[in-house]
Amino acid sequence: MKLPLDSELLRVFAAVAQNGNVTRAAEQIGRTQSAVSIQIKRLEEILGESLFERGSRGVTLTSQGRALLSNANRIISLLDETAASIRAKPLGGPVRIGIPEEYGYTVLPRALAAFANQHPNVEVTVKCGYSSAQIAALEADELDLAVIFDQQQPPVGEVLFVDPTVWVTSDTHCVHENDVVPIAIYESSSWCKKFAIGSLETSRVNYRVAYSCDTSGGLKIAVVSGLAIAPLASSNIPAGCRALTEADGFPLIDSSNVVLKKNPLRKSAAIEGMEAVIREAFRPGTAAM
C-alpha cells in the first residue's frame, strides 16, 4: 500500500527547494540539518523518486522535484488559507474598492468573491474603470481602496505588481507590418495620447487611428479581429496575439506599477482584510494574469 503524503514533509521540501541548501532551509524552519535531511529522504522513499541533485554548493531540483514543487506550493497555500479562514473572526461593514478593467475578468474578481463568501456580512462594492477616475473617487471619499496603474517614479502607494504596457498585434493578421499602421486607442484617455501615441511618434512609426473605445476589452477585440494594434498591459494580451518589441520597431510604452492606494479617512477591520486579499491576489505565483 502506498503511504500518503504528509503536509509537513511537503513544507520541508518547499523550504529546501526555495533555499537550494539544506542548512539554510533548516535554519528557516527551525529544525536541525539532520532532521531536514531525514525528512527529505523519507519523502523521496514515499514517492519512489529523487527530488534533488546534491552538489558541493547545495542542492538543485530534479525534473520530478520541479513537478512536485508546483503542487506542493498549491497544497501548502490551500492548507494555510483553510486554517486562516477557520481562525478568522467574521468581519462586517462596507468596503468600497476600485479596480482597473484590465483585471476585471481575471484574478481580482476571484479574490473579491472569495472574500465576500468568507465574510458574508461585509458589503463589498466594486467600481471598475480608469485609474484617473479611481483616484478622483478615492479623493472624493467614494472609495476605501483603489488598485491603479501608476507611472510616477517613485510610485505613490504600495506597489503590488509591475505590468509593462506594450503594443500588441494579432499573430494571424500582422497589421503592424502595414506602411501606415492602424492603431486602437482609449478615446477619453490622456495617458493614451501622451504615452502610447507618444511612443509611436518618438520611434517615427506612421500610424492612423482606426479604432477608439473606452475599454480594454474593446481594444482586445480590435487586435484579435485584425483591425488594429493596441496598447495593452503585458498580463492582458489575448490568445493568438503577441507583444511587439524593439525588434519589430515598436518600443515599450511604459513600465506601469500596479499600486494599491488607500483612503486615509477610512479604516476598519473589513478594509484591512480586503487589503490582505488584494496583496495575496498579486503575490508572485498566485496571480493568474
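- Contact record, Gly249 with Val205: O-CG2, 3.7 Å, taken as the closest heavy-atom pair.
- Linking Ile, Leu, Val, Met, Phe, Trp and Tyr residues whenever their side-chain heavy atoms come within less than 4.5 Å leaves Ile221 and Ile237 in two separate clusters.
- The two residues Ala184 and Pro231 have their closest heavy-atom pair at O-CD, 3.1 Å.
- In this structure, OG on Ser7 lies 8.0 Å from CD1 on Ile76, to the nearest 0.5 angstrom.
- The ring-ring contact (aromatic ring centres under 6.0 Å, His included) check on Tyr186 picks up Tyr130, with sequence neighbours excluded.
- Under 3.5 Å, the side chains of Ser216 and Glu101 contain a donor-acceptor pair of N or O atoms.
- The ring-ring contact (aromatic ring centres under 6.0 Å, His included) test applied to Phe149 returns Tyr103, not counting sequence neighbours.
- Contacts classified as ring-ring contact (aromatic ring centres under 6.0 Å, His included) and involving residues 7-55 (residues at least two apart or in different chains) are given here: Phe13-Phe52.
- Taking each heavy atom of Pro182 and Val175 in turn, the nearest pair found is CD-O, 3.8 Å.
- Screening residues 122-139 for salt bridge (charged side-chain N to carboxylate O under 4.0 Å, His left out) gives no qualifying pairs among residues at least two apart or on separate chains.
- Checked by atom type and distance alone, the side chain of Asn19 never pairs as donor or acceptor with a backbone atom of Asn21 at under 3.5 Å.
- A search for side-chain hydrogen bond (donor to acceptor under 3.5 Å, both in side chains) contacts involving Ser34 returns Thr32, not counting sequence neighbours.
- When the side chains of ILVMFWY residues are joined at heavy-atom separations under 4.5 Å, either directly or via intervening members, Ile183 and Ile253 end up in a single hydrophobic cluster.
- Aromatic ring pairs are classed by plane angle as parallel below 30°, tilted from 30° to 60° and perpendicular above 60°; the pair His176 and Phe250 is perpendicular.
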Exercise for review: Please report the C-alpha distance between Ile229 and Leu244 in whole Å, then the side-chain angles of each, then the deciding distance to 0.1 Å, and finally whether the side-chain contact (heavy atoms from CB on, under 4.5 Å) criterion is met.
Suggested key: CA-CA 9 Å; Ile229 66 170; Leu244 291 167; 4.1 Å; yes

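- Residues Leu260 and Leu145 have side chains in contact (heavy-atom distance under 4.5 Å, counting atoms from C-beta outward).
- Residue pairs meeting the salt bridge (charged side-chain N to carboxylate O under 4.0 Å, His left out) criterion with at least one partner in residues 145-160, sequence neighbours excluded, are Glu158-Arg279.
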Practice item. Just do the side-chain contact (heavy atoms from CB on, under 4.5 Å) check on Arg266 and Ile271 with the steps written out, would you? Key: CA-CA 8 Å; Arg266 302 291 173 178; Ile271 292 172; 3.9 Å; yes

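- Side-chain contact between Trp167 and Val181 is absent, with no heavy atoms from C-beta onward closer than 4.5 Å.
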Practice item. Applying side-chain contact (heavy atoms from CB on, under 4.5 Å), run through Leu10 and Leu68 and close with a yes or a no. Key: CA-CA 9 Å; Leu10 292 179; Leu68 175 62; 4.2 Å; yes

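- Contacts classified as salt bridge (charged side-chain N to carboxylate O under 4.0 Å, His left out) and involving residues 13-31 (residues at least two apart or in different chains) are given here: Glu8-Arg31.
- Scanning both residues, Ala15 and Gln28, for their nearest heavy atoms gives CB-NE2, 4.2 Å.
- When all heavy atoms of Ser199 and Ala196 are compared, the pair lying nearest together is OG-O, 2.7 Å.
- With sequence neighbours excluded, no residue satisfies side-chain hydrogen bond (donor to acceptor under 3.5 Å, both in side chains) with Tyr211.
- The CD atom of Gln33 lies 3.5 Å from the OG1 atom of Thr23; values are rounded to the nearest 0.5 Å.
- With a 4.5 Å cut-off on side-chain heavy atoms, Leu9 and Arg42 count as touching.
- Here the CG atom belonging to Asp248 is positioned 11.5 Å from the OG atom belonging to Ser203, to the nearest 0.5 angstrom.
- Of the inter-residue distances, the one linking Leu252 atom CG with Thr165 atom OG1 reads 7.5 Å to the nearest 0.5 angstrom.
- Both Ile29 and Leu79 sit in one connected hydrophobic cluster of ILVMFWY residues. Membership requires side-chain heavy atoms under 4.5 Å apart, directly or through other members.
- Listed by chain and number, the residues in a side-chain hydrogen bond (donor to acceptor under 3.5 Å, both in side chains) with Glu187 amount to none (sequence neighbours excluded).
- If you chain together hydrophobic residues whose side chains sit under 4.5 Å apart, Ile135 and Leu138 never meet in one group.
- For residues 212-224, the set of pairs meeting the salt bridge (charged side-chain N to carboxylate O under 4.0 Å, His left out) definition, not counting sequence neighbours, is empty.
- Partners of Arg54 under the side-chain hydrogen bond (donor to acceptor under 3.5 Å, both in side chains) rule, at least two apart in sequence or in another chain, are Glu44.
- For the atom pair CD1 of Ile99 and SG of Cys128, the computed distance is 4.5 Å after rounding to the nearest 0.5 Å.
- Between Lys262 atom NZ and Met274 atom CE the span is 14.0 Å, to the nearest 0.5 Å.
- Criterion: ILVMFWY side-chain heavy atoms under 4.5 Å apart, direct or through other members. Under it, Ile278 and Val259 are not part of a common hydrophobic cluster.
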Review point. Are Cys213 and Leu219 close enough, and set up right, to give a side-chain contact (heavy atoms from CB on, under 4.5 Å), and what steps lead you there?
Key: CA-CA 7 Å; Cys213 64; Leu219 296 189; 3.6 Å; yes

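- Leu232 and Pro238 make their closest contact through CD1-CD, 4.0 Å (heavy atoms, listed as atom of the first residue, atom of the second, distance).
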Check: residues 91-98 side-chain donor-acceptor pairs under 3.5 Å, at least two apart:
| residue | atom | partner | partner atom | Å |
| --- | --- | --- | --- | --- |
| Arg96 | NE | Asp144 | OD1 | 3.4 |
| Arg96 | NE | Asp144 | OD2 | 3.3 |
| Arg96 | NH1 | Asp141 | O | 2.9 |
| Arg96 | NH2 | Asp141 | O | 3.4 |
| Arg96 | NH2 | Asp141 | OD1 | 3.4 |
| Arg96 | NH2 | Asp144 | OD1 | 2.9 |

